[in-house]
Q: 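Here's a structure for you.
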Amino acid sequence: MRLGVLDGRAVVFGGDRAADVATVSRGLLPSDPMALFEDWTRVRDWAAGLPDEAYGLTVDPAALGAPVPRPRQVFAVALNYPPHAAEAGYTPPDEPLVFTKFPTCVTGPRTTVELPPGKVDWEVELVAVIGCETHRVSEDRAWEAVAGLTVGQDLSERVSQLQGKPAQFSLGKSFPGFGPTGPVLVTPDEFEDPDDLEITGLLNGETVQHDRTKSMIFPVPELIARLSAVVPLLPGDLVFTGTPAGVGNRMNPPRYLTAADELVSRIEGIGELRQHFTAAHP
Ligand code: ZN
């Protein structure tokens, strides 16, 4: 199943057309996507039985919002791809390095982001969305806790991210608009192998990041098991799973986002995000 949010209402996709969840279910299911995550199995069972003619809406991609507009918790993981750990000057970590993107930064797939003062960088990431309350789940059952996968862009202002000793990441990654997600949420069963997806970041059409998610040091099930060993995960929570090599601050010379740039973040089988930027208002 592919779930999107169109003009604020939950829709499911059949090819390039969509069905409005609340309308087509005659009100049995809510239009608020956050409410759907509270009974995700029911949503999936309902969508599996939809006839082709239920998909009556044509979709303007520009009208799609974040598939999870108001997550209660947003986890993010640093240095989860060996080449990115190496370019950042670290040995691969033994434990996941976890920080948060405060939830107000979450936006949809096509946005214009105001650049705050400092050095704003890109990080394309696979995002796992939690589908049920999950505490102390084992790694071999962790995929059952995942509602689906989406694309995320972990925009990062490097000056505030790395300020202080020890540095604290979360504020520099939480400016308004710093968490683009989408364009849709795709359930794990839709992938031949949800642990091995091509992931690509493009700056002005040029590939700057490219890897496969199987390169992760801590794959999705291990991240979920380790996070849930401490924190109860809630329906609709997001887990940004780390970025491949090729971020701007490790380029020579370093390269940061400007108002002239277009950033595209793409994952096989899900789709792409597209961000433009404006200079900060003084
Ligand atoms: Zn990141």
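For this chain, numbers begin at 1 and follow the sequence in order. Model, not experiment: these values are computed from the prediction. In listed order, ligands and their atoms are each counted from 1.
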Q: Is E123 salt-bridged to R250, cutoff N-O under 4.0 Å?
A: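 Salt bridge absent between E123 and R250.
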
Q: Regarding D261 and R255, does a basic nitrogen lie under 4.0 Å from an acidic carboxylate oxygen?
A: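 Result for this pair is yes, salt bridge flagged.
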
Q: Thinking salt bridges, do E268 and K214 make one under a 4.0 Å N-O criterion?
A: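 Between K214 and E268 there is no salt bridge, as every charged N stays at least 4.0 Å from the carboxylate O atoms.
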
Q: For the Zn ion (ligand 1), check which protein N, O or S atoms are under 2.8 Å away and list them.
A: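 You should have found E123 OE1, E125 OE2, D154 OD2.
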
Q: Does any donor atom in the side chain of T241 or E125 lie under 3.5 Å from an acceptor atom in the other side chain?
A: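 Distance-only check fails for T241 and E125.
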
Q: Taking E262 for its side chain and H276 for its backbone only, find out whether a donor-acceptor pair lies under 3.5 Å.
A: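 Absent.
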
Q: Report the residues that fulfil side-chain contact (heavy atoms from CB on, under 4.5 Å) with E144, sequence neighbours left out, ordered by chain and then residue number.
A: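 R141.
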
